[in-house]
**Q** 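One structure is given below, represented as structure tokens, and several questions about it will come after.
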Amino acid sequence: MKKIVTRFAPSPTGTLHIGGVRTALFNYVYAKQNDGLFLIRIEDTDKERSSKEFEKNILDNLSSIGLNPDKKPINQSERNEIYIKASKQLIESGKAYWCDCSPETLDEMRKEQIASGKKPMYDGRSRNLGLEQSEKTVLRLATPEDGDIVVNDIIRGEIIFKNSELDDLILLRSDGSPTYHLCNVVDDFEQGVTSVIRGEDHISNTPRQIHIQNALGYPQLEYAHLPLVLGTDKKRLSKRHAATSLEEYREEGYLDSAIINTLARLGWSKGDNEIFYLDDLIKDFNIKEVQKAGAIFDITKLDWANSQHLANLSLDEFKSHLRPFLLKNDIDIENHRYVDLLINAMRSSDNTLKGIAKSLEPYYKNIKSYDNRAIDKFLSDNNILIDIKELLLNLEDWDVDSIDRILKTYQTDNNLPVPKVNQPIRIALTGSTKSPSLGFTLCILGKDLSIKRIEELINFIGS
RNA sequence: GUCCCGUUCGUCUAGAGGCCUAGGACACCGGGUUUUCAUCCCGGCAACAGGGGUUCGACUCCCCUACGGGAUGCCA
């Protein structure tokens with residue numbers, strides 16, 4: 001059996017898109033589970049729109065998310081001779097010809113065809129003119145006029161195209177540069193690619209590319225056209241709907257593994273399982289099981305997956321993932337007596353690392369503001385705060401048990417419901433009614449800081 | 001317009017003719033645990049696009065319609 005070779009072939013006209021990550025992921029997984037090769041090819045034949053920055057972004061992001069290619073990525077812009085050579089072969093074998101129709105002529109032709117209810121396509125008028133190459137000519141493929149092309153798609157089954165629906169596509173532009181279709185086909189052959197896994201927006205390109213393959217005498221490839229990742233309006237996911245580039249999701253505090261998990265589950269599933277790591281995918285993923293219909297990207301699913309992946313991290317792993325987000329906030333995570341206890345108590349406070357870092361602020365920084373609704377609800381007066389402050393001031397042993405005992409005693413002595421006592425203190429300590437258990441919170445903040453914060457709130461209420 | 005692809009809860013999906021009173025997950029709502037919040041646990045809401053066939057029987061097969069998407073570039 002032939003070794004499977006897949007490839008991800010982005011054009012560097014933007015940052016790495018999460019739809020692209022998904023395509024790359026499926027290519028990667030398919031290669032790995034078949035003991036094959038995963039390759040990357042930069043399709044930068046569009047000189048206008050391609051840029052090196054985008055190329056770097058794509059390569060860096062793919063590699064940091066763990067989708068490393070098995071060979072050095074290649075750039076189409078550096079392989080011109082190869083495409084020219086292939087085009088010569090096509091000219092010599094009579095499978096391609098020069099055409100001197102101007103863009104204006106073509107445009108006019110298309111308009112007329114549309115006006116008369118026909119499919120707009122090049123009519124092959126230069127096909128038998130025997131023109132030579134010039135500054136005004138493009139090279140076109142002489143596509144067979146009769147018969148069908150059958151695309152055997154792993155996900156969709158047989159897709160049949162009539163050759164009469166296909167026109168003679170351009171292989172070489174008038175400036176002599178090769179186009180997407182030619183480069184794509186030649187490189188797939190040159191790189192030894194066996195399996196093309198790409199977005200379904202390429203379905204209608206496939207018969208054209210097969211014709212080029214046939215003309216060049218290349219072997220047939222296997223195809224799998226993935227359903228697209230859509231926005232909430234069912235149109236392909238773009239910046240209009242949500243963040244699209246991988247790095248934006250990372251910056252929000254989503255784990256790579258959670259992003260991969262969510263992307264893989266978009267269009268594929270396995271029993272009742274929801275949590276998949278890359279290794280699980282290599283074990284369980286089956287390209288044949290991929291859904292045919294496009295899938296809407298739902299951020300709440302990512303949020304949930306992230307919380308699950310976060311929960312699966314060991315404390316040390318969790319801390320090292322969290323650290324950069326705290327650093328961004330000028331918080332040095334280790335600069336706290338009870339880091340581990342604190343982090344453990346707070347690690348489920350939000351779905352993202354960014355959110356968790358934010359909820360950790362009161363433990364490292366001064367309280368910026370108080371939750372007004374909480375104040376209205378629990379602080380009609382200062383009395384409890386003042387009482388508790390006095391009691392804490394006189395407390396010798398600053399540990400959870402001692403603190404809890406004081407709180408409990410005060411509450412029973414005055415016959416007060418627990419929240420009535422605790423919530424005001426919480427507000428003083430964290431600015432809101434949210435915190436780990438109160439004794440714990442007081443304990444880790446320390447006596448001086450706790451009392452200082454209670455005093456601050458007393459002053460705030462008093463004013 | 002033409003060609004191609006698609007259509008199960010709000011969302012991701014299970015479902016290969018009887019296992020479907022259509023299952024799971026997220027979201028949402030309710031309850032429990034938690035001195036608060038989050039986590040966690042329990043419960044609830046909610047879908048086969050429509051119409052024709054085929055069949056004893058159709059979410060599953062066929063046809064049509066509707067709707068959505070993609071392609072129709074000297075972009076990739």
**Q** Kindly state which residues belonging to residues 371-381 of chain A come within less than 4.0 angstrom of RNA chain B, counting heavy atoms of the residue only, listed by number.
**A**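 Residues of residues 371-381 of chain A under 4.0 Å from RNA chain B: none.
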**Q** Tell me which nucleotide among B:A76, B:C12, B:A27 gets nearest to the side chain of A:W304.
**A**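 For the A:W304 side chain, the nearest candidate turns out to be B:A27.
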**Q** Report the distance from atom CZ of A:F161 to atom C1' of B:U2, rounded to the nearest whole Å.
**A** 13 Å
**Q** Measure from the side-chain heavy atoms of A:H181 and tell me the nearest of B:A76, B:A38, B:G70.
**A** B:A76
**Q** Looking at B:C74, B:U13, B:G10, which one has an atom nearest to any side-chain atom of A:D298?
**A** B:G10
**Q** Using a 4.0 Å heavy-atom cut-off, does A:G271 contact any base of the nucleic acid, only the sugar-phosphate backbone, or nothing at all?
**A** nothing
**Q** Side chain of A:E43: nearest nucleotide among B:A76, B:G69, B:U36?
**A** B:A76
**Q** Between B:A76, B:U36, B:U13, spot the one nearest the side chain of A:Y180, thanks.
**A** B:A76
**Q** Considering only nitrogen or oxygen atoms on both sides, find all protein atoms under 3.5 Å from nucleotides 58-66 of chain B and state each distance.
**A**
none

**Q** Stacking here means centres under 5.5 Å and planes under 30°; does A:H202 stack on B:A76?
**A**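 Here A:H202 meets both the 5.5 Å and the 30° conditions.
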**Q** Looking across every strand, which nucleic acid part, if any, lies under 4.0 Å from A:N205 by heavy atom: base, sugar-phosphate, or nothing?
**A** base
**Q** Does a nitrogen or oxygen in the side chain of A:Q291 sit under 4.0 Å from OP1 or OP2 of B:U8?
**A** no
**Q** Establish, with yes or no, whether the OP1 or OP2 oxygen of B:U39 is under 4.0 angstrom from a side-chain nitrogen or oxygen of A:S307.
**A** no
**Q** With a cut-off of less than 4.0 Å, is there a side-chain N or O of A:S269 near OP1 or OP2 of B:A14?
**A**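 For B:A14, OP1/OP2 do have a side-chain N/O of A:S269 under 4.0 Å.
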**Q** Tell me what A:S50 touches on the nucleic acid: a base, only sugar-phosphate, or nothing, going by heavy atoms under 4.0 Å.
**A**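 A:S50: no heavy atom of the nucleic acid under 4.0 Å.
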**Q** Quick check for you: among B:A71, B:U36, B:A25, whose closest atom lies nearest to any side-chain atom of A:D201?
**A** B:A71
**Q** Any side-chain donor paired with an acceptor under 3.5 Å for A:N152 and A:E222?
**A** no
**Q** Go ahead and name the base partner of B:G44; Watson-Crick or wobble counts if both distances stay under 3.5 Å, otherwise write none.
**A** B:C28
**Q** More than 12 heavy atoms of other residues, nucleotides or ligands under 6.0 Å from CD of A:E289: is that the case?
**A**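 Atom CD in A:E289 is packed in, count exceeds 12.
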**Q** Picking from B:A27, B:U2, B:C74, which would you name as closest to the side chain of A:T300?
**A** B:A27
**Q** Heavy atoms only, 4.0 Å cut-off, all strands: where does A:S348 land among base, sugar-phosphate and nothing?
**A**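 Base: the residue A:S348, judged by heavy atoms under 4.0 Å, touches a nucleobase.
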**Q** Check every atom of B:G69, B:G73, B:U7 against the side chain of A:L228 and return the nucleotide holding the closest atom.
**A**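 Selected nucleotide (nearest to the side chain): B:G69.
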**Q** Choose from B:C12, B:U2, B:C37 the nucleotide whose nearest atom is closest to any side-chain atom of A:K301.
**A** B:C12
**Q** Checking contacts here: which listed nucleotide (B:G68, B:A76, B:C4) is nearest the side-chain heavy atoms of A:K234?
**A** B:G68
**Q** Looking at A:R173, does any N or O in its side chain come under 4.0 Å of the phosphate oxygens OP1/OP2 on B:A76?
**A**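 For B:A76, OP1/OP2 do have a side-chain N/O of A:R173 under 4.0 Å.
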**Q** Look at the side-chain N and O atoms of A:R49 and state whether any lies under 4.0 Å from the OP1 or OP2 oxygen of B:A76.
**A** no
